Engineer: 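Below is a structure I'd like to ask you about.
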2 protein chains.
Amino acid sequence: MAQRTRADALSRERIVEAAIELLDANGERGLTFRTLTERLATGPGAIYWHVPNKGELLAAATASVIGDALAVAVTGSPWEEIHALALGLFDAVEQHPWLSSQLAVQRSHSPWGSVTPRIFESIGRRVSALGVPEATWFTATSALAHYIFGAAGQNAANAQVLRLGGTDRAEFISAAVDAWEGLDPGKFPFLRSIADQVREHDDREQFLTGIDLILTGITAQGRT
Amino acid sequence: MAQRTRADALSRERIVEAAIELLDANGERGLTFRTLTERLATGPGAIYWHVPNKGELLAAATASVIGDALAVAVTGSPWEEIHALALGLFDAVEQHPWLSSQLAVQRSHSPWGSVTPRIFESIGRRVSALGVPEATWFTATSALAHYIFGAAGQNAANAQVLRLGGTDRAEFISAAVDAWEGLDPGKFPFLRSIADQVREHDDREQFLTGIDLILTGITAQGRT
DNA sequence: ACCTGAACACCGTTCAAGT
DNA sequence: ACCTGAACACCGTTCAAGT
């Protein structure tokens with residue numbers, strides 16, 4: 001076949017874009033070099049000319065989505081801006097559930113690669129604006145970042161199962177809680193005691209309450 | 001070859017144990033059915049008779065290691081017990097860095113599978129003993145659990161790179177911080193401002209300070 | 001410089017056959 | 001019931017060849 005014309009020429013960006021679409025549509029397993037070459041109407045060699053390997057492709061997809069989430073303009077008090085940034089990340093991971101495991105994998109290959117520093121920078125700037133002592137900035141920002149990663153990961157996990165499983169949220173939570181209640185009551189008394197709270201909670205609201213818990217701790221500790 | 005004698009008979013436990021050893025020694029990529037059959041001196045069919053597939057094997061390995069970490073006896077005030085449990089999980093993930101991505105993957109397949117409930121139960125019991133209103137238990141426990149997952153994941157990522165890369169911690173951190181300082185100073189002012197704190201921090205101590213931040217928030221909020 | 005597509009090595013999984 | 005080992009489908013990656 002002849003070479004591509006300018007209009008449909010391959011580029012790193014077009015490849016990353018197609019990869020994100022495949023990941024969104026079918027999860028992690030949806031992205032293979034077969035599905036990717038099919039969608040881009042090309043061969044594996046063409047992709048390898050633009051991207052060194054699959055790991056880098058996944059890293060680029062992750063960086064792209066996280067970058068977009070952090071790029072939204074936020075204005076308000078530092079506390080409000082932290083809310084907005086955290087919620088942006090939370091929503092991004094919910095819309096792209098493959099981020100859940102991908103963030104872990106990316107970090108395990110290069111922990112201080114591109115994603116972690118960008119999140120630290122965005123959150124940390126607002127932490128420093130809270131008026132707490134400079135000596136606490138790093139630890140405070142770490143705590144927020146870790147919480148955001150952890151909570152977003154759990155939420156993405158839920159979203160992934162809901163998306164691929166076809167059940168709705170209420171059903172899904174009911175089934176999980178019912179499963180606990182079937183567990184040995186002697187072994188899981190706490191889970192049973194919070195069953196009603198789990199049934200009634202709102203994920204985003206709870207996520208923000210967690211942020212507030214940490215911010216309260218940060219500002220309280222800063223005043224000691 | 002004849003069937004195995006009783007002494008070296010295969011079992012789900014022996015297979016899981018071997019899998020953990022391979023994962024510890026060579027990371028996620030170190031566990032394949034080839035390496036596993038070789039180590040157990042058997043064929044793939046034998047393993048499939050005891051374990052339904054690789055995903056279940058990884059889930060069992062994860063549950064085993066997390067279960068051990070939560071099984072240690074802890075005594076003290078609720079606050080101290082939360083410290084001990086959190087640190088136990090933190091150390092387990094550091095010793096088995098493959099847990100970092102595995103926890104994310106496991107959760108994304110069945111979010112309320114076996115790991116999350118067990119952690120919730122262990123942490124939650126101590127939260128309920130803190131004397132805060134019952135209505136806050138679920139959110140408080142969630143916040144702690146998410147933070148622990150996130151922080152342990154980051155630490156495992158660091159450990160993985162250190163283990164496979166052969167560099168030592170000081171070198172590794174120096175390189176990361178130097179990389180930031182090479183970044184556009186206009187874009188990463190916060191990272192530059194905390195560079196010294198990063199160089200001097202202790203991972204475990206910082207982790208516990210983060211726990212304290214959240215516990216402070218929990219108890220402060222409980223009193224409102 | 002950019003792309004094609006056959007080929008390779010490797011992986012998870014299956015299954016007919018053995019004891 | 002428990003295990004063997006060849007075979008299969010699939011995947012990431014390479015590379016000689018084309019334009």
Side-chain angles (χ1 to χ4, degrees), chain A residues 1-23 25-62 98 101-102 105-106 108-110 164, chain B residues 1-23 25-62 98 101-102 105-106 108-110 164:
Chain A
M1 202 202 283
Q3 205 161 317
R4 283 154 178 281
T5 61
R6 262 211 189 93
D8 69 341
L10 278 179
S11 68
R12 194 179 146 98
E13 284 142 50
R14 282 198 60 222
I15 293 170
V16 170
E17 201 181 314
I20 293 173
E21 286 166 18
L22 287 168
L23 288 165
N26 304 309
E28 214 129 349
R29 297 197 31 198
L31 177 65
T32 72
F33 273 80
R34 263 73 175 179
T35 59
L36 194 56
T37 52
E38 193 180 349
R39 170 172 283 243
L40 292 169
T42 183
I47 292 172
Y48 275 92
W49 202 90
H50 294 279
V51 172
N53 55 53
K54 192 180 182 183
E56 294 269 335
L57 177 55
L58 284 164
T62 303
W98 48 272
S101 54
Q102 208 45 48
V105 172
Q106 294 307 325
S108 75
H109 288 142
S110 78
L164 302 179
Chain B
M1 202 201 283
Q3 206 161 316
R4 283 154 178 280
T5 62
R6 260 210 190 92
D8 69 343
L10 277 180
S11 67
R12 194 179 145 97
E13 285 142 51
R14 281 198 60 224
I15 293 169
V16 170
E17 201 181 314
I20 292 173
E21 286 166 18
L22 286 168
L23 287 164
N26 304 309
E28 215 129 346
R29 297 196 30 197
L31 176 65
T32 71
F33 273 80
R34 262 74 177 179
T35 58
L36 194 56
T37 52
E38 193 180 350
R39 170 173 284 241
L40 292 168
T42 183
I47 292 172
Y48 275 93
W49 202 90
H50 294 278
V51 173
N53 55 52
K54 194 181 181 183
E56 295 270 335
L57 178 56
L58 284 164
T62 303
W98 47 274
S101 54
Q102 208 46 48
V105 173
Q106 294 306 325
S108 75
H109 289 141
S110 79
L164 303 178

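It should be emphasised that the depicted structure is a prediction, and the values quoted were computed from it without experimental measurement. Here is how names work: the chains are called A, B, and so on, in the same order as the sequence lines, proteins then strands, and each is numbered from 1. Side chains are part of it too, since the values below use all heavy atoms of this structure and drop only hydrogens, waters and symmetry mates.
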Engineer: Which residue, B:Trp49 or A:Lys54, contacts DNA chain D at a nucleotide closer to its 5' end, judged by nearest heavy atom?
Structural biologist: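 Closer to the 5' end of DNA chain D: B:Trp49.
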Engineer: Any side-chain heavy-atom pair from B:Asn53 and B:Glu56 closer than 4.5 angstrom?
Structural biologist: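 Yes, side chains in contact.
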Engineer: Round to the nearest Å and state the distance from A:Arg29 atom CZ to C:dC11 atom P.
Structural biologist: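 About 18 Å, once rounded to whole Å.
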Engineer: Do the non-hydrogen side-chain atoms of A:Gln102 and A:Glu28 ever get within less than 4.5 Å of each other?
Structural biologist: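 The answer is yes, as the side chains (C-beta and beyond) meet within the 4.5 Å cut-off.
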Engineer: Let me know the distance between CD1 of A:Ile47 and C1' of D:dC11, rounded to the nearest Å.
Structural biologist: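 Whole-Å distance recorded here is 13 Å.
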Engineer: When you measure from the side chain of A:Ala46, which nucleotide among C:dC11, D:dT4, C:dC3 comes out closest?
Structural biologist: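 Per side-chain heavy atoms of A:Ala46, the pick is C:dC3.
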Engineer: Dot-bracket, DNA chain C: Watson-Crick or G-U, under 3.5 angstrom, [ ] crossing, | other strand?
Structural biologist: ||.|||||...|||||.||
Engineer: Let me spell it out: for each of B:Pro52 and A:His50, pick the nucleotide of DNA chain C with the closest heavy atom. Which residue's pick is nearer the 5' end?
Structural biologist: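 Going by which nucleotide is closer to the 5' end, it is A:His50.
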Engineer: Can you find a pair of side-chain heavy atoms, one from A:Thr35 and one from A:Asn26, that are under 4.5 Å apart?
Structural biologist: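 Of all side-chain heavy-atom pairs linking A:Asn26 with A:Thr35, none is under 4.5 Å.
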Engineer: Rounded to whole angstroms, how far apart are OH on A:Tyr48 and P on C:dA6?
Structural biologist: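 Rounded to the whole Å, the gap is 17 Å.
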Engineer: Rounded to whole Å, how long is the line connecting atom CG of A:Leu31 with atom P of D:dC10?
Structural biologist: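 In whole Å, D:dC10 P lies 17 Å from A:Leu31 CG.
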Engineer: With no hydrogens and no angle check, is any side-chain donor or acceptor of B:Lys54 less than 3.5 Å from a backbone partner on B:Phe33?
Structural biologist: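 No; judged by distance alone, with no hydrogens or angles, the pair does not exist.
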Engineer: Round to a whole Å and report the spacing from CD of B:Glu38 to C1' of D:dC3.
Structural biologist: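 Whole-Å distance recorded here is 18 Å.
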Engineer: What is the distance from CG of B:Leu36 to P of C:dT13, rounded to the nearest Å?
Structural biologist: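 Checked: the CG to P distance equals 12 Å.
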Engineer: Whole Å only: how far is the CZ atom of A:Arg34 from the C1' atom of C:dC10?
Structural biologist: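 Rounding to the nearest Å, CZ of A:Arg34 and C1' of C:dC10 are 12 Å apart.
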Engineer: Rounded to whole angstroms, how far apart are CG on A:Asn26 and P on D:dC11?
Structural biologist: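 That distance rounds to 12 Å.
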Engineer: More 5' along DNA chain D: A:Phe33 or B:Pro44, using each one's nearest nucleotide?
Structural biologist: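 Here B:Pro44 is the residue nearer the 5' end.
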Engineer: Side chains of A:Val105 and A:Thr62: closer than 4.5 Å at any heavy-atom pair?
Structural biologist: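 No. Closest side-chain heavy atoms not under 4.5 Å.
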Engineer: How many angstroms lie between atom CG of A:Leu31 and atom CG of A:Leu23, to the nearest 0.5 angstrom?
Structural biologist: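 Reported value, rounded in 0.5 Å steps: 4.5 Å.
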Engineer: Ignoring the backbone of A:Asn53, work out which of C:dC3, D:dC3, D:dT13 is nearest its side chain.
Structural biologist: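 Given the options C:dC3, D:dC3, D:dT13, the side chain of A:Asn53 is closest to D:dT13.
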Engineer: Would you indicate whether the side-chain heavy atoms of A:Leu10 and A:Thr42 approach each other to under 4.5 Å?
Structural biologist: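 A:Thr42 vs A:Leu10: side chains touch.
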